[in-house]
Amino acid sequence: MTKNKFIPFFIFLASALFLFGQNGNAAGFIDGLEDIPLPEYMQQTSHDDLSFGNEESRFVETYLTGKNENFEEVEKFYMDTLPQLGWQFEGKQGNTISFYRDGERLDIAREKTSPLTVRITLKSQN
């Protein structure tokens, strides 16, 4: 593999480090969705995760929970951070915001308000 193939990865890595080093609002990335940031005020609940796929497509669903936080803060976090990682905002329908990148759709939905429970679903569009 040539050095040129590593350039996009290093650009992504540098952007992510810069982005999260500046605002301090991310605690890392979501397990199973290593390119989707996890807000520092949320935790991933691994007992409800669902993931399957192959080289051509994938489907991942996971849940986040948080204490005393409202969904508007989660929406703002993802509206601010995901476009910087290449995701394009597709729209909002009810309690769900949607993004698109490289043939994949990402839905972020409020499931419950107390405690706040957020469902994150990524699915290939092919």
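Since the structure is predicted, the reported quantities are computational estimates derived from the model, not experimental observations.
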Heavy-atom side-chain contact between Asn70 and Glu73 under 4.5 Å: yes
Any side-chain heavy-atom pair of Gln88 and Pro83 under 4.5 Å: no
Exam field: side chain Gln93 to backbone Gly91, donor-acceptor pair closer than 3.5 Å: no
Point-to-point distance, once rounded to the nearest 0.5 Å, from CG of Leu38 to CG of Asp31: 8.5 Å
Pair Asp107-Thr96, side-chain donor/acceptor within less than 3.5 Å: no
Cluster link Tyr100 to Ile30, ILVMFWY, side chain under 4.5 Å: no
Any donor-acceptor N or O pair under 3.5 Å, side chains Arg119, Thr121: yes
Nearest heavy-atom neighbours spanning Pro115 and Gly66: CB-O, 3.9 Å
Side-chain ion pair, Arg110 and Glu75, N-O less than 4.0 Å: no
Ser57 to Ser124 - nearest heavy-atom pair and separation: CA-OG, 3.2 Å
Min side-chain heavy-atom separation Leu116-Phe71 under 4.5 Å: yes
Pairwise distance CZ(Phe59) to CD(Glu104) - rounded to 0.5 angstrom: 12.0 Å
Non-hydrogen side-chain atoms of Met79 and Phe99 separated by less than 4.5 Å: yes
Exam field: side chain Thr65 to backbone Tyr63, donor-acceptor pair closer than 3.5 Å: no
Residue pair Pro39 / Thr81, side-chain heavy-atom distance below 4.5 Å: no
Check against side chain to side chain contact (heavy atoms under 4.5 Å, CB included), Met42 and Val74: CA-CA 9 Å; Met42 301 291 289; Val74 175; 4.2 Å; yes
Heavy-atom check, side chain of Val118 versus side chain of Tyr78, under 4.5 Å: no
Check: Ile97 and Phe89 side chains under 4.5 Å, non-hydrogen atoms: yes
Nearest-0.5 Å distance, OG of residue Ser98 to CG of residue Leu82: 11.5 Å
Flag for Gln44-Thr62: side-chain donor and acceptor within less than 3.5 Å: yes
Cluster link Leu64 to Tyr41, ILVMFWY, side chain under 4.5 Å: yes
Glu61 vs Lys123 side-chain heavy atoms within contact, under 4.5 Å: no
